[in-house]
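Data first, discussion second: the structure below is written as structure tokens.
Starting from 1, each residue takes its place in the sequence as its number.
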Amino acid sequence: MVKRGLFVGRFQPLHKGHLWAFEYILKKADELIIVVGSAQYSHRIDNPFTAGERVTMIRAALDEAKVDPSRYWIIPVRDVHVHMLWVAEVVGFTPKFDVAYTNEPLTRRLLIEGSFKVEPIPFQKREKYSSTVIRERMLNNQSWEELVPKSVAKFIKKIEGVERLQELVKSDKSPTA
């Protein structure tokens, strides 16, 4: 069994596919390091939630799924926008890990070139469980709650996350007559 596995995501927001991936990795590894990527971004259409809010969502979902907290780490890591330095940033912020799990092509390539073992994760209803799809549904006042764990839906409602996202698409530019 792998001692420690690493999974990188933005979790904007965390959805049931992410939770499925965590559980999949925890069947293969003693511990899971969850890297909250793009940690410096929030209040943007593609990154509406803060790193702290995303950590809270992850923790709530793992608590709801009854995952032992001693089996995972949640660590925000910022983007450095220099690909050759990004792996060093991850390594510098996380405990040592044996295997990285990802399907994201750039993340995979950078970690392989950084001499890490990288394994894919089987997708779980990828067309359905997508943060992009969830944000689009939120923007269009469509149903989204069934795509995320109950604890995450509750948290997003508590922080008025849908309203925040809808405000982010507004403009102060008015058409001229």
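With a 4.5 Å cut-off on side-chain heavy atoms, His43 and Thr50 count as touching. Contact of the Ile58 side chain with the Tyr72 side chain is not registered, since no non-hydrogen atoms from C-beta on lie closer than 4.5 Å. Inter-residue side-chain proximity for Ile159 and Thr56 is flagged as unmet; no heavy-atom pair is nearer than 4.5 Å. Within the 4.5 Å cutoff, no side-chain heavy atoms of Phe93 are placed close to those of Pro76. Between Lys128 and Leu147 the shortest side-chain heavy-atom distance falls below 4.5 Å. You'll find the side chain of Leu14 stays beyond 4.5 Å of the side chain of Val148, heavy atoms only.
Salt bridge annotation for Arg164-Glu53: present, with a cationic side-chain nitrogen under 4.0 angstrom from a carboxylate oxygen.
Note on ring orientation: taking the six-membered ring where Trp is involved, the planes of Tyr129 and His15 are parallel (angle under 30°, cut-offs 30° and 60°). In this pair, Phe22 and Phe7 present their aromatic rings perpendicular. The plane angle is above 60°, beyond the 30 to 60° band.
Under the side-chain contact (heavy atoms from CB on, under 4.5 Å) rule, Ile34 has a single partner from Leu62, Ile25, Ile75, which is Leu62. The side-chain contact (heavy atoms from CB on, under 4.5 Å) test with Tyr101 singles out one residue from Val8, Ile121, Thr107, and that residue is Ile121. The one candidate from Lys150, Lys157, Arg137, Lys16 that meets the salt bridge (charged side-chain N to carboxylate O under 4.0 Å, His left out) condition with Glu145 is Lys157.
Put simply, the side chain of Asp98 never gets that close to the backbone of Val2: no donor and acceptor are under 3.5 Å apart. No donor-acceptor distance shorter than 3.5 angstrom exists from the side chain of Arg4 to the backbone of Pro95, with no hydrogens or angles considered. A donor-acceptor contact shorter than 3.5 Å is absent between the side chain of Ser42 and the backbone of Pro48. In this structure a side-chain-to-backbone donor-acceptor pair under 3.5 Å is present from Arg54 to Arg10.
The shortest heavy-atom contact between Ala61 and Leu19 is O-CD1, 4.1 Å. Residues Leu26 and Arg71 share a closest heavy-atom pair of O-NH2, 2.7 Å. Closest approach of Pro122 to Tyr24, counting heavy atoms only: CD-CZ, 3.4 Å. Of all non-hydrogen atoms in Val90 and Leu6, the two that sit nearest each other are CG1-CD1, 4.2 Å. Among all heavy-atom pairs drawn from Pro13 and Met138, the shortest one is CG-CE, 4.4 Å.
In the hydrophobic clustering of ILVMFWY residues, with side-chain heavy atoms under 4.5 Å counting as a link, Leu110 and Val80 come out together. One hydrophobic cluster holds both Val118 and Val77 under the rule that ILVMFWY side chains link at heavy-atom gaps under 4.5 Å. Linking Ile, Leu, Val, Met, Phe, Trp and Tyr whenever their side-chain heavy atoms come within less than 4.5 Å puts Val91 and Val35 in one cluster. Cluster annotation: Ile134 and Trp20 are assigned to the same hydrophobic cluster (Ile/Leu/Val/Met/Phe/Trp/Tyr, side-chain heavy-atom contacts under 4.5 Å, transitive).
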Just do the side chain to side chain contact (heavy atoms under 4.5 Å, CB included) check on Asp46 and Tyr41 with the steps written out, would you? CA-CA 9 Å; Asp46 59 341; Tyr41 296 122; over 6 Å; no

Step by step, work out the side chain to side chain contact (heavy atoms under 4.5 Å, CB included) result for Phe97 and Leu32. CA-CA 9 Å; Phe97 56 93; Leu32 169 61; over 6 Å; no

Ser131 and His18: CA distance, side-chain angles, deciding distance, side chain to side chain contact (heavy atoms under 4.5 Å, CB included) verdict: CA-CA 10 Å; Ser131 295; His18 291 131; 3.5 Å; yes

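From His83, atom NE2 reaches atom CG of Leu106 across 4.5 Å, with rounding to the nearest 0.5 Å. Here NE2 of His81 is found 5.0 Å from CD of Gln40. Values are rounded to the nearest 0.5 Å. Taking OG from Ser151 and CE from Met57, the interatomic distance works out to 10.0 Å, rounded to the nearest 0.5 Å. Rounding to the nearest 0.5 Å places CG of Asn140 at 8.5 Å from CD of Gln166. Distance CG/Asn47 to CG/Leu165: 11.0 Å, rounded to 0.5 Å. Ile156 CD1 to Glu163 CD: the interatomic distance, rounded to the nearest 0.5 Å, is 11.0 Å.
With ring centers used as reference points, Phe11 lies 6.0 Å or more from Phe49.
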